[in-house]
Amino acid sequence: MQLAIQLIFAQVGAQVGIDEVLDNGAATSRSIADGWNYQWKDLLLNNTSNNLYGALTTLGIFFAVGTLLFFMIQFLKDLISYEYSRPISALIWPFVVVILLSNSGKGSMLSNLTLGLRDFLNSVNQQVLVTADANKMYQQALSMSIAEEVTGSFLRPCQSLTGVQQNQCFVSGADKINILLQKYRNTYGKEPWINRLQTKIDYIKYDKGFISETSFNSLLGSTVQTSIKNFLVSLQYAFQNLIEASMLLIALLGPIAIGGSLLPVAGKPIFAWLTGFFSIGIAKISFNIIAVLTAAVIVNGPGKNPTADPDLMWFIIFLGILAPILSLLVAAAGGFAVFSGISNTASLVRERI
């Protein structure tokens, strides 16, 4: 739906029908999601002896061999100091590194665990969306916030015309908008905000004169405002793809983190790697929760009021700028909590062994 909105903005005035643009946008969204899934499996499972993940696994093994020297020095030092409990508990790390970095060419244990972790985070995220967005709140609020902008984009050129030409322009623009409104009805049902916009369009199309000049000018809007909304919608969609790219980047750096985990230090790189992976997952889930909850406020508030005429520019600003910042802050706090929990658990296990 987001890409469909962007395509509507981009193709205003073109010969392509709105229904075709919406269908193309939905297909493009699905193809991008499929592209990310393919990229994950292609890098982490297919021919991992020769691809990028295989090269990073080799680098991780090199790191493991290099850090093994420091590990053995610390191991012998503890033995000489008669601190038997520490070297015995530390012996688990070389076995963990060897098992995780063993690469058969069809993915290592680490790559399969990483994919499983990603699938788990995505399933939690999908469950959140299905539970909180049962009535397509997010898409509906986004459609509601840009519907008048799209309407204004079709009707705005008519302002420069007069007489019969202007009336014909309004009729032609209204017919195109009705296609969009019918798509909305098919998707969301007979919502009051759709009927409210339909009434405005009918008043303009049939020149009934019941719409005030202020409301008419607000409906037409301006090219600058349309461009700003288009940019903000693109910005929040770019943030979601950035989350996917960041998660994949962290996954690719996993072998290096594993290879460095033989260093005799308290904060193992594997813990920092897990923290980063979970933090990105928390950011993704947090953004969707924030977006859906805010969308529910709009849909259940002004969206249900047939007399309301809200300016939803704040919602687009919130999605494009504020929600990503807030989700990253929540992810940072959650990541710190995860890192502390993992570190404390590791310390407890080491003391018990």
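Basis for what follows: all heavy atoms, side chains included, without hydrogens, waters or symmetry-related copies. Everything numeric here is computed off the predicted structure, so don't read it as measured data.
Annotation: side chain to side chain contact (heavy atoms under 4.5 Å, CB included) contacts of S246 (sequence neighbours excluded): L242, I280. With sequence neighbours left out, the side chain to side chain contact (heavy atoms under 4.5 Å, CB included) criterion links N37 to D34, R118. Scored by the side-chain hydrogen bond (donor to acceptor under 3.5 Å, both in side chains) test, N51 finds no partners at all (sequence neighbours excluded).
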May I have the step-by-step check of side-chain hydrogen bond (donor to acceptor under 3.5 Å, both in side chains) for N305 and W193, ending in yes or no?
CA-CA 7 Å; N305 188 349; W193 67 270; over 6 Å; no
List the steps, then state whether side chain to side chain contact (heavy atoms under 4.5 Å, CB included) holds for I177 with Q198.
CA-CA 9 Å; I177 297 166; Q198 181 71 70; over 6 Å; no
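Shown here for S327 and S286, the closest heavy-atom pair between the two residues is CB-CB, 3.9 Å. Contact detail for I285 and N125: the closest heavy-atom pair is CA-OD1, 3.7 Å. Listed here is the closest heavy atom pair of M137 and A296: SD-CA, 4.1 Å. When all heavy atoms are compared, the tightest approach of S279 to A331 is O-CB, 3.2 Å.
By the 4.5 Å heavy-atom criterion applied to side chains, L329 and I325 are counted as neighbours. At least one side-chain heavy atom of P255 sits less than 4.5 Å from a side-chain heavy atom of L110. Using a 4.5 Å heavy-atom cutoff, the side chains of Q139 and Y188 are in contact. The shortest distance between side-chain heavy atoms of L142 and Q236 falls below 4.5 Å.
The backbone N or O of L44 sits less than 3.5 Å from a side-chain atom of S111, completing a donor-acceptor pair. In this structure, Y53 contributes its side chain and L45 its backbone to no donor-acceptor pair below 3.5 Å.
Note: W273 and F277 have tilted aromatic rings, judged against thresholds of 30 and 60 degrees for the angle between ring planes. The aromatic rings of F239 and F287 are tilted relative to each other, their planes meeting at an angle between 30° and 60°.
Under the 4.0 Å criterion applied to side-chain N and carboxylate O atoms, E244 and K284 are assigned as salt-bridge partners.
Residue-environment remark: CE (M313) exceeds the threshold of 12 foreign heavy atoms within 6.0 Å.
N186 and Q182 are linked by a side-chain donor-acceptor pair at a separation below 3.5 angstrom, with hydrogens and angles left out of the test.
In this structure, L248 is a member of the same hydrophobic cluster as L52, with clusters built from ILVMFWY side-chain heavy atoms closer than 4.5 Å.
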